[in-house]
Amino acid sequence: MSNVFVNIGLSLDGYMAPEGMTMEHWDEPEYRDWGAKWGALMAWILNQQSFREHLKLGPGGQTGPINDLVRSTMERIGANIMGKRMFEAGERSWPEEAPFHTPVYVLTHERREPWARPGGTTFHFINDGPERALELARGSAGSRDVRIAGGADVIQQYLNLDVVDELEIALAPVLFGGGRRLFENLHEPGPRFRIDRALDGPAATHLRYLRQ
């Protein structure tokens, strides 16, 4: 069966997204300086060769252990799951060839037909809850794994279901002071993980945890 994993960037004080990074201010990155904060959080990945190839940003980019980590993560994904807010933000900013190249299952109350994009991405809109989305994602992932892409509330739902097998966190040395925390609204007892790997990089520490 496919593993279920989370792969995200996280600020030093535990936020996935800075305050002000909302649909209302998506076109205003200067609002509460969310654009600069988000850029600092994700700076580690922008020059990785594998990431540039994946998004067709042109040749070049860094190679080495961090790049190998990015490549292996992208290659293992057979399906993605995300929330409506993440999808709506991406719908406004992703290129025509959306950057997933897999089926994507969107948790929503909206009824909508599947939306196919060039490059192999098809968005499926799921009204029957996170368990149904995971069932469908596993069915389409085949021998590859299912990534819970976000946002924070969707990741929390799957943590509360105790189905997340792995957490991959790129911990960046930036402080947000507010925003969307990753580890909130978790039920007791919470899921338990053990440290599997820590990889140091110049702009983030890459941590991998496995479910016990």
Taking the side chain as everything from C-beta on, heavy atoms only, tell me whether Leu175 gets closer than 4.5 Å to Ser11. no
Tell me whether the rings of Phe87 and Phe125 are parallel (<30°), tilted (30 to 60°) or perpendicular (>60°). perpendicular
Check whether Arg144 reaches the backbone of Ile77 with its side chain - one donor and one acceptor, N or O, closer than 3.5 Å. yes
Is there a donor-acceptor pair under 3.5 Å between the side chain of Glu166 and the backbone N or O of Phe5? no
Given 3.5 Å as the limit, does a donor-acceptor pair link the side chain of Tyr15 with the main chain of Leu182, or not? no
Heavy-atom side-chain proximity of Phe193 to Leu159 below 4.5 angstrom: yes
Tell me whether the count of non-hydrogen atoms from other residues, nucleotides or ligands lying under 6.0 Å of CZ in Arg192 goes above 12. no
Does a salt bridge link Arg112 with Glu91, judged by any charged N lying under 4.0 Å from a carboxylate O? yes
Go through it in stages, so that I can follow the logic: the residues are Phe123 and Tyr105, the test is ring-ring contact (aromatic ring centres under 6.0 Å, His included), and I'd like the CA-CA distance, side-chain angles, deciding distance and then a yes or no. CA-CA 6 Å; Phe123 294 95; Tyr105 296 88; over 10 Å; no
Atom CG of Asp33 and atom CD of Glu28: how far apart are they, to the nearest 0.5 Å? 13.0 Å
Passing option when Ile81 is tested against Val4, Ile148, Val106 for side chain to side chain contact (heavy atoms under 4.5 Å, CB included): Ile148
Please evaluate residues Val154 and Met82 with respect to the criterion side-chain contact (heavy atoms from CB on, under 4.5 Å), reporting the C-alpha separation (whole Å), side-chain torsions for both, the decisive distance (0.1 Å), and the verdict. CA-CA 7 Å; Val154 171; Met82 68 178 59; 6.0 Å; no
Should Arg147 and Glu168 count as an ion pair when the cut-off is N to O under 4.0 Å? no
Crowding at CD, Glu113 (>12 non-hydrogen neighbours, <6.0 Å): no
ILVMFWY network linking Phe176 to Met16, side-chain heavy atoms under 4.5 angstrom: no
Between Arg181 and Asp13, is the closest basic N to carboxylate O distance under 4.0 Å? no
Under 3.5 Å donor-acceptor, Arg211 side chain and Asp162 backbone: yes
The reported gap from CD in Gln48 to CG in Leu55 (rounded to nearest 0.5 angstrom) is 12.5 Å
Is Leu199 linked to Ile195 within one hydrophobic cluster, defined over Ile, Leu, Val, Met, Phe, Trp and Tyr using a side-chain heavy-atom separation of less than 4.5 Å? no
Take Gln62 and Asn47 through the test side chain to side chain donor-acceptor pair (under 3.5 Å) and record every step on the way to the result. CA-CA 6 Å; Gln62 299 172 357; Asn47 285 324; over 6 Å; no
Shared ILVMFWY cluster between Ile45 and Ile169, side chains joined below 4.5 angstrom? no
Hey, what do you get for CZ (Arg132) to CD1 (Ile126), rounding to the nearest 0.5 Å? 7.0 Å
To the nearest 0.5 Å, atom CG of Leu167 lies from atom CD1 of Ile8 at 7.5 Å
Look only at the side chain of Asp200 and the backbone of Thr205, and say whether a donor-acceptor pair between them is shorter than 3.5 Å. no
Tell me whether Arg85 is salt-bridged to Glu88, with the criterion being a basic N under 4.0 Å from an acidic carboxylate O. no
Specify the closest pair of heavy atoms between Thr122 and Pro114, including all atoms of both residues, with the distance to one decimal. CG2-CB, 4.1 Å
For Arg194, I'd like to know if atom CZ has over 12 heavy atoms of other residues, nucleotides or ligands within 6.0 Å. yes
For the CG atom of Asn7 and the CD1 atom of Ile155, what is their distance to the nearest 0.5 Å? 9.5 Å
For residues Ala203 and Pro173, report the shortest heavy-atom separation together with the two atoms involved. O-CD, 3.2 Å
Mind running side-chain contact (heavy atoms from CB on, under 4.5 Å) on Trp34 and Glu19 for me, showing each step along the way? CA-CA 7 Å; Trp34 77 255; Glu19 193 172 4; over 6 Å; no
Taking C-beta and beyond as the side chain, do Gln49 and Arg52 meet within less than 4.5 Å on heavy atoms? no
Run the numbers on Asn3 and Arg76 for side-chain contact (heavy atoms from CB on, under 4.5 Å), then give the verdict. CA-CA 10 Å; Asn3 278 353; Arg76 68 184 288 201; 4.3 Å; yes
Residues Leu207 and Ala198: closest non-hydrogen pair is CD2-CB, 3.9 Å
Tell me the closest heavy-atom pair linking Ile66 and Gly201, and the distance in Å. CD1-CA, 4.3 Å
Looking only at the side chains, is there a donor atom on one of Glu24 and Thr22 sitting less than 3.5 Å from an acceptor on the other? yes
Heavy-atom distance under 4.5 Å between the side chains of His124 and Pro103, does that happen here? yes
Does a donor on one side chain sit under 3.5 Å from an acceptor on the other, for Asn67 and Ser50? yes
What's the verdict on side-chain contact (heavy atoms from CB on, under 4.5 Å) for Gln156 and Phe183, showing C-alpha distance, side-chain angles and the deciding distance? CA-CA 7 Å; Gln156 290 158 15; Phe183 296 115; over 6 Å; no
Are there more than 12 heavy atoms of other residues, nucleotides or ligands under 6.0 Å from atom CD of Glu96? no
If you define the side chain from C-beta out and look only at heavy atoms, does anything of Val164 sit under 4.5 Å from Pro191? no
Does a salt bridge link Glu53 with Arg71, judged by any charged N lying under 4.0 Å from a carboxylate O? yes
Ion pair check, Glu97 and Lys56, cut-off under 4.0 Å: yes
Return the minimal non-hydrogen interatomic distance between Ala98 and Thr121, and the atom names on each side. O-OG1, 3.4 Å
Under a 4.5 Å cut-off applied to non-hydrogen side-chain atoms, are Arg117 and Phe100 in contact? no
Interatomic distance, Met74 atom CE to Leu69 atom CG [nearest 0.5 angstrom]: 10.0 Å
Backbone of Gly119 reached by a side-chain donor or acceptor of His101 within 3.5 Å: yes
Main chain of His187, side chain of Asn160: is a donor-acceptor contact present, judged purely on distance under 3.5 Å? yes
Is there a path of hydrophobic side-chain contacts, each under 4.5 Å between heavy atoms, that joins Leu10 and Trp44? no
Does any part of the side chain of Asn185, heavy atoms only, come nearer than 4.5 Å to the side chain of Asp153, both counted from C-beta? no
Got more than 12 heavy atoms from elsewhere within 6.0 Å of CE, Met1? no
So, for Pro130 and Tyr158, which heavy atoms are closest and what is the spacing to 0.1 Å? O-OH, 2.7 Å
Check whether Val146 and Leu136 end up in the same hydrophobic cluster, where Ile, Leu, Val, Met, Phe, Trp and Tyr are linked by side-chain heavy atoms less than 4.5 Å apart. yes
Less than 4.5 Å apart, any side-chain heavy atom of Pro99 and any of Trp94? yes
Within the distance-only criterion (no hydrogens, no angle test), does the side chain of Asn127 pair as donor or acceptor with the backbone N or O of Thr108 below 3.5 angstrom? yes
